[in-house]
Amino acid sequence: MIPLNWYLGLSAIVFSIGLYGFMSQKSGIRMLMCVELMLNSANINLVAFSSYNDDMTGQVFALFSIAIAAAEAAVGFAILMSIYRMRDMIDVDKLNILRW
């Protein structure tokens, strides 16, 4: 059986990659992908601790988290596509459409 520390290390690496990508990217699509990476690292933690404690609660929470992440991605993608249709770009540094 793989030790719990390896899962936690993998989760930390995936979360770090997602956080770095979110902070450094300017494209909205890439930012959504990086948020998905961070959510998946949390799911890795939930499933790892669930398996370690022989309890199904973490796996159920991971399933709900995956469903919420899919809905978040769909809504975010729809918002970005409507912004792209209006402005012909998705560069979030240049967008001020959501400001007053």
Euclidean distance, [Y] [atom2] relative to [X] [atom1], rounded to 0.5 Å:
| X | Y | atom1 | atom2 | result |
| --- | --- | --- | --- | --- |
| Ile44 | Leu10 | CD1 | CG | 4.5 Å |
| Asn5 | Tyr52 | CG | OH | 8.5 Å |
| Met1 | Trp6 | CE | CH2 | 12.5 Å |
| Ile13 | Leu37 | CD1 | CG | 12.5 Å |
| Asn40 | Ile17 | CG | CD1 | 12.0 Å |
| Ile68 | Leu63 | CD1 | CG | 10.0 Å |

Kindly give the heavy-atom pair with the smallest separation between [X] and [Y], and that separation in Å.
| X | Y | result |
| --- | --- | --- |
| Ala42 | Ser11 | N-OG, 4.5 Å |
| Phe77 | Leu32 | N-CD1, 3.7 Å |
| Gly18 | Cys34 | O-CB, 3.3 Å |

Side chains of [X] and [Y]: does their closest heavy-atom pair fall under 4.5 Å?
| X | Y | answer |
| --- | --- | --- |
| Leu39 | Glu72 | yes |
| Met81 | Ile29 | yes |
| Leu8 | Phe49 | yes |

Applying side-chain contact (heavy atoms from CB on, under 4.5 Å), run through Tyr7 and Ile2 and close with a yes or a no.
CA-CA 8 Å; Tyr7 289 115; Ile2 299 175; 3.9 Å; yes

Applied to residues 55-71, the side-chain hydrogen bond (donor to acceptor under 3.5 Å, both in side chains) test, sequence neighbours excluded, yields Asn43-Ser65, Asp55-Thr57

Not counting sequence neighbours, list each pair that qualifies as a side-chain hydrogen bond (donor to acceptor under 3.5 Å, both in side chains) and has a residue in residues 16-31.
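side-chain hydrogen bond (donor to acceptor under 3.5 Å, both in side chains) check on residues 16-31 returns Gln25-Arg30.
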
For the pair Phe22 and Val35, evaluate side-chain contact (heavy atoms from CB on, under 4.5 Å) and give the outcome as yes or no after the intermediate values.
CA-CA 7 Å; Phe22 185 80; Val35 168; 3.7 Å; yes

Side-chain (Ser51) to main-chain (Ala48) donor-acceptor, under 3.5 angstrom
no

Has Ser41 got a side-chain atom pairing as donor or acceptor with Val14's backbone, closer than 3.5 angstrom?
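Judged by distance alone, no pair lies under 3.5 Å.
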
ILVMFWY network linking [X] to [Y], side-chain heavy atoms under 4.5 angstrom:
| X | Y | answer |
| --- | --- | --- |
| Val60 | Leu46 | no |
| Met31 | Phe15 | yes |
| Met33 | Ile66 | no |

